[in-house]
Amino acid sequence: MMHMTFYWGKEVTLLVDSWKTKSWTSYALTLFACLIVSAFYQYLEDRRVHLKFVSSGKPPAQIEESLLQGMPFRRGPRWSAARIGGAALFALNSAIGYLLMLAVMSYNGGVFLAIVLGLAIGYLLFRSEDRNVATLVEDNSCACA
């Protein structure tokens, strides 16, 4: 049976039919996996944003000045390795974000809390330091973007 409202309990089917929890141990391991994957999502987002601004070829102060004046800043060559790598990181991060969203749609309260806690821990560890204004512009709380 698929739940359509939030419920609390150790029995949950997550993402695929073969990932079912029947015991408290398997449920705890599932919650831990959700927490780790959501923290990893924030790490990948940090690396993607960092790569984007490193590949722009401009020092952070010049990027900040352009953004504060409302002017777009020019990035490097259109098909550079850094831009292709950034696109690959974006694709991987988007896939993880959508899988996290689908996991939340299991409507299990523990899974929901584990994912939100993992996102918060990942943000605290990897993305909470304000490196420059450009990072603040790129900050996005959506797990799927």
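Here, residue 1 is the first one in the sequence, and each next residue gets the next number.
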Colleague: Closer than 3.5 angstrom, by distance alone: can the side chain of N108 be matched with the main-chain N or O of F6 as a donor-acceptor pair?
Modeller: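 Answer holds: no.
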
Colleague: Do the non-hydrogen side-chain atoms of I96 and L44 ever get within less than 4.5 Å of each other?
Modeller: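 In short, these two side chains touch, coming nearer than 4.5 Å.
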
Colleague: If you measure from OH on Y41 to CZ on F126, what distance do you get to the nearest 0.5 Å?
Modeller: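 Output value for this atom pair is 14.0 Å.
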
Colleague: Could you grab the distance from atom CG of D46 to atom OH of Y123, nearest 0.5 Å is fine?
Modeller: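 Reported value, rounded in 0.5 Å steps: 10.5 Å.
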
Colleague: Is a side-chain donor or acceptor of T21 paired with a backbone partner of V12 at a separation under 3.5 angstrom?
Modeller: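 Answer holds: yes.
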
Colleague: Give me the ring orientation class for Y7 and H3: parallel if the planes are under 30° apart, tilted from 30 to 60°, perpendicular past 60°.
Modeller: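 Rings of Y7 and H3: parallel, as their planes differ by under 30°.
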
Colleague: Supply the atom-to-atom distance R48 CZ to S94 OG, rounded to the nearest 0.5 angstrom.
Modeller: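 That separation rounds to 7.5 Å.
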
Colleague: Using the rule that Ile, Leu, Val, Met, Phe, Trp and Tyr join whenever any side-chain heavy atoms are under 4.5 Å apart, tell me whether L113 and L29 fall into a single cluster.
Modeller: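 The answer is no; the residues belong to distinct hydrophobic clusters.
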
Colleague: Between T5 and Y107, is any pair of side-chain heavy atoms under 4.5 Å apart?
Modeller: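 Not in contact.
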
Colleague: I need the L31 CG to I36 CD1 distance, nearest 0.5 Å.
Modeller: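 Reported value, rounded in 0.5 Å steps: 12.0 Å.
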
Colleague: Return yes if a side-chain donor-acceptor contact under 3.5 Å exists between T13 and W19, otherwise no.
Modeller: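 Looking only at side-chain atoms, W19 and T13 do not form any donor-acceptor pair under 3.5 Å.
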
Colleague: Determine whether R127 and E45 make a side-chain contact, defined as any pair of heavy atoms from C-beta on separated by less than 4.5 Å.
Modeller: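 Yes, at least one pair of side-chain atoms sits under 4.5 Å.
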
Colleague: Once you round to the nearest 0.5 Å, how far does CD of E11 lie from CH2 of W24?
Modeller: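 The distance works out to 9.5 Å.
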
Colleague: Report the residue from L124, L125, L119 that forms a side-chain contact (heavy atoms from CB on, under 4.5 Å) with I121.
Modeller: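 The passing option is L125.
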
Colleague: Would you name the heavy atoms of Y27 and K10 that are closest together and state the gap between them?
Modeller: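 Residues Y27 and K10, closest heavy atoms: CD1-O, 3.4 Å.
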
Colleague: At their closest point, which heavy atom of I115 faces which heavy atom of C34, and how far apart are they?
Modeller: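 Heavy atoms only, the tightest pair is CG1-CB, 3.8 Å.
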
